[in-house]
Amino acid sequence: MMFRMHSSEQLNPAQQTAITHLNGPLLVLAGAGSGKTRVVSYRIAQLIESGIPPSEILAVTFTNKAAGEMKERIHRLLDRYDHPTICTFHSLGAKILRESIQHLGYAPNFTIYDEEDVNKLIRALLQSLDMKKEVKRCRTLISQAKNQLCSPADLDLSELPLETQKAMPEIYSLYLQRLREANAVDFDDLLFLTVQLFQKHPDVLEYYRKRWPYLLIDEYQDTNQTQYLMARLIVGEQCNLFVVGDPDQSIYSWRGANIQNILNFEKDYPNAKIVRLEQNYRSHPNILDAANALIAYNDARYEKNLWSDREPGEKITLFIGDTEREEANFVIQEIERLHSFHQIPLSEMTIFYRTNFQSRIFEDYLLRRRLPYVIIGGISFYQRKEIKDLLAFLRVIISDHDLISIERTLNLPKRGIGPTTFEKMRAEAAEQQIPLFKLFEQVVSGETTSFRLSARAREGLADYVKIIRALRAKKSEFSIQQLLIETIRETHYLDILRDDRETFEDRRENVSELVAKAHEWESYHESDELEAFLEELSLKSSMDEANFTGDRINLMTMHNGKGLEYQTVFLVGMEEDLFPHANSRSSFEAIEEERRLCYVGMTRAKDRLYLTAAETRFLWGGHRMMRPSRFLREIPRTYIQRC
């Protein structure tokens, strides 16, 4: 090759084959840690060195960060600044539409609506139809329809109220009409309208085919239907298509990713060449062999076997505790041991869990031991909205004076008391030198008439006062756990969460985990005072907000771990209905995706991998016997040491 090759980046034979196959369709099956970014960058450099003008090369990634890293790498290789077009799918769509959207009847200076703009528009449409809820669900359905190139009528509307099901076609039609009237597009339109442009105007499509005769796509297993079709239209009959991906790491079907796009590559492009990148530069062989054995249980995949020339490494450590507390204690003790005796930086260790609520008990132990940590791609348990809402209700139960907690809970659900009205009542309470809640009681009983409330606001305030009084009456006779459950019931808090169907399951699980925290706290503290419980949680919350800098332990869901690597990885909660998740129980395809997710988690580990579980777990008010995850049975004992 003519371009500069750094000694640290020498290519292995499979990588060399991939970058020198210049014309025709090529699928690079890039296993975890196999150097795929290096291959894509060298492939682009090879094309340019072969005489292909950079302007004729288009490389598409999924994140701006990946695009930036690719540009930097190519600059280092070629030492030139006339780069090819390297961008995300959505950036590509925006670029094409800015140049050619007039063919669809829009002006080129269109506005791109962000999520807030879109929700505001849908909310206005629903109000015009005398419908007030389901904003986010309608938004999701419209997004799914565009990403799957279908109408909302073709989607599953069964979870929506009957009224919304019937109105959905009209909502969708009005939504499109309002966007066009405003000369605006949403984020999904950047792909959806680009496909429409290509399909309706062959001359425009031909222009872009000639402009970019060489197309490269990274993370092809993550493409949805619109991205897939967009790529097929651009490559045309020349088929100079180079895609890199790994069906074994396809874990985003809930975002619309379609694994069949990569599995059907040879069917879509009959003359395609397949190159497998199986040499792993990240993990010890013992970890890779275990991951290979696990993923072999999947049917929807290309055969591939990761290997490494590193030393075999330690066996995978398996720990099954009696309870989730014992599991968490083991994990944190191991982190302390590895950090103290093996000098492994905290930042090189991570705790992976399947769902967000599982972070709580590990956060508790880390806070207790004063070990700094960071939640990657999420929010600390005690900072999550539903947790803060319920703790605020508990604070109002014990205090008439807690303005912040009263303000937070007063409109859960909406009671028609806006910020202006609240501020007037706060000022009135201050002038009378009485607690705000006492003023509420006076307003409801008619004792004070210093200001007027609308009928809806007065009714809402009366409902709020009634609920708080009822809960206060039960405080002395109920345990903290019972009082929390009663608070959830009396306030209809789960119904409030149901308004956002997308996040309901995660938030419900977090609420359940707070109930488990209350039970756990009462089991291990002599005092059963609600005040002491809230004080401890307030301290945890304050510590969460502390600006830890430097070395920190990583906590995250396995979905957020894709593309990352660590010296030591803990996969926790390896139990049926936790991982694989209960929602996947009735679907073969969903179980396969859960197994791919486990595979992704395992292959993040470079040196040490731990798998942990609990025999019993406190869930929704009671102890439950848990069964070990099937994934533990699918990993041969040869690679595991029981602790």
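- The ring-ring contact (aromatic ring centres under 6.0 Å, His included) pairs that include a residue from residues 551-572 are Trp254-His559, Phe570-Tyr610, where partners are two or more places apart or lie in different chains.
- In this structure, Arg630 does not pair ionically with Glu594, as no charged nitrogen and carboxylate oxygen lie closer than 4.0 Å.
- Legend: side chain to side chain donor-acceptor pair (under 3.5 Å) pairs involving residues 51-71, not counting sequence neighbours: none detected.
- Of the N and O atoms on the side chains of Glu99 and Tyr208, at least one donor lies less than 3.5 Å from an acceptor on the other residue.
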Given the rule in the side chain to side chain contact (heavy atoms under 4.5 Å, CB included) test, do Arg585 and Asp577 qualify, once you have shown the distances and angles that lead to the verdict? CA-CA 8 Å; Arg585 192 185 301 160; Asp577 291 343; 3.0 Å; yes
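- For Asn554 against Met556, the heavy-atom pair with the smallest separation is CB-CE, 3.9 Å.
- Between Arg384 atom CZ and Phe357 atom CZ the span is 10.0 Å, to the nearest 0.5 Å.
- The distance from the CE atom of Met349 to the CD atom of Glu336 is 9.5 Å, given to the nearest 0.5 Å.
- Under the 4.0 Å criterion applied to side-chain N and carboxylate O atoms, Lys36 and Asp246 are not assigned as salt-bridge partners.
- Within a 6.0 Å sphere centred on NZ of Lys304, other residues, nucleotides and ligands contribute more than 12 heavy atoms.
- Listed by chain and residue number, nothing satisfies the salt bridge (Lys or Arg N to Asp or Glu O under 4.0 Å) test with Arg627 (two or more places apart in sequence, or in another chain).
- Side-chain atoms of Gln227 and Gln225 form no donor-acceptor pair, as typed in the model, at a separation below 3.5 Å.
- Within a 6.0 Å sphere centred on OH of Tyr281, other residues, nucleotides and ligands contribute more than 12 heavy atoms.
- For the ring-ring contact (aromatic ring centres under 6.0 Å, His included) test, residues two or more places apart in sequence or in another chain that qualify with Phe319 are Phe330.
- Put simply, the side chain of Glu327 gets close to the backbone of Gly573: a donor and an acceptor are under 3.5 Å apart.
- Within the 4.5 Å cutoff, side-chain heavy atoms of Ile19 are placed close to those of Val39.
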CA sep, side-chain torsions, deciding dist, call: Arg608, Ile344, side chain to side chain contact (heavy atoms under 4.5 Å, CB included): CA-CA 11 Å; Arg608 292 178 179 84; Ile344 298 177; 3.1 Å; yes
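- Nearest heavy atom pair, residue Leu555 against residue Glu363, reads CD2-CG, 4.1 Å.
- Checked against side-chain hydrogen bond (donor to acceptor under 3.5 Å, both in side chains), Ser34 has no partners two or more places apart in sequence or in another chain.
- Between Arg354 and Glu509 there is no salt bridge, since none of the side-chain N atoms of the basic residue sits less than 4.0 Å from a carboxylate O of the acidic one.
- Separating the CD1 atom in Ile217 from the CG atom in Leu27 is a distance of 11.0 Å, to the nearest 0.5 Å.
- Just one of Leu366, Leu346, Val374 meets the side chain to side chain contact (heavy atoms under 4.5 Å, CB included) condition when paired with Arg552; it is Val374.
- Leu632 CG to Leu318 CG: the interatomic distance, rounded to the nearest 0.5 Å, is 5.5 Å.
- For the pair Arg276 and Glu303, the salt-bridge criterion is not met [side-chain N within less than 4.0 Å of a carboxylate O].
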Between Ser629 and Glu576, does a side chain to side chain contact (heavy atoms under 4.5 Å, CB included) hold up when you go through it step by step? CA-CA 5 Å; Ser629 170; Glu576 289 291 307; 4.2 Å; yes
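- Judged as a side-chain hydrogen bond (donor to acceptor under 3.5 Å, both in side chains), and not counting sequence neighbours, the contacts of Glu266 are Tyr302.
- Listed by chain and number, the residues in a side-chain contact (heavy atoms from CB on, under 4.5 Å) with Thr37 are Ser41, Arg73 (sequence neighbours excluded).
- In this structure, the side-chain contact (heavy atoms from CB on, under 4.5 Å) partners of Ser308, at least two apart in sequence or on a different chain, are Pro285, Leu288, Arg310.
- Arg596 CZ to Lys562 NZ: the interatomic distance, rounded to the nearest 0.5 Å, is 11.5 Å.
- Side-chain contact check for Ser283 versus Met602: every heavy-atom pair is 4.5 Å or farther apart.
- Taking the side-chain contact (heavy atoms from CB on, under 4.5 Å) definition, one finds that Ser143 meets it with Arg139, Asn147, Asp188, sequence neighbours left out.
- Applying the ring-ring contact (aromatic ring centres under 6.0 Å, His included) rule to Phe579 yields the partners Phe631; only residues at least two apart in sequence or on another chain are considered.
- Taking all atoms of both residues into account, the shortest heavy-atom contact from Met70 to Ala59 is SD-CB, 4.3 Å.
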Atom pairs and distances, donor-acceptor, side-chain atoms in residues 85-95, under 3.5 Å, two or more places apart:
from	atom 1	to	atom 2	distance (Å)
Thr88	OG1	Ser91	N	3.0
Thr88	OG1	Ser91	OG	2.9

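- Counting only N and O atoms by type, the side chains of Thr503 and Asp506 include no donor and acceptor under 3.5 Å apart.
- Using a cutoff of 4.0 Å between basic side-chain nitrogens and carboxylate oxygens, Glu634 and Arg595 are scored as salt-bridged.
- The shortest heavy-atom contact between Ser250 and Ile259 is OG-CB, 3.7 Å.
- A 4.5 Å side-chain heavy-atom check between Ile287 and Arg282 finds every atom pair outside the cut-off.
- In this structure, the separation between CD1 on Ile57 and CG on Leu216 is 7.5 Å, given to the nearest 0.5 Å.
- Applying the side-chain hydrogen bond (donor to acceptor under 3.5 Å, both in side chains) criterion to Glu592, with sequence neighbours excluded, gives no partner residue.
- Here the side chains of Tyr373 and Ile351 are not in contact, with every heavy-atom distance at 4.5 Å or above.
- Counting only N and O atoms by type, the side chains of Tyr228 and Asn264 include no donor and acceptor under 3.5 Å apart.
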For the pair Ile44 and Phe242, evaluate side chain to side chain contact (heavy atoms under 4.5 Å, CB included) and give the outcome as yes or no after the intermediate values. CA-CA 10 Å; Ile44 293 172; Phe242 177 99; over 6 Å; no
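- With respect to the salt-bridge test (charged N to carboxylate O, under 4.0 angstrom), the residues Glu334 and Arg337 qualify.
- Considering only heavy atoms from C-beta on, Gln279 comes within 4.5 Å of Asp309 through its side chain.
- Taking all atoms of both residues into account, the shortest heavy-atom contact from Ile332 to Leu371 is CG2-CD1, 3.8 Å.
- When all heavy atoms are compared, the tightest approach of Asn280 to Ala32 is ND2-O, 2.5 Å.
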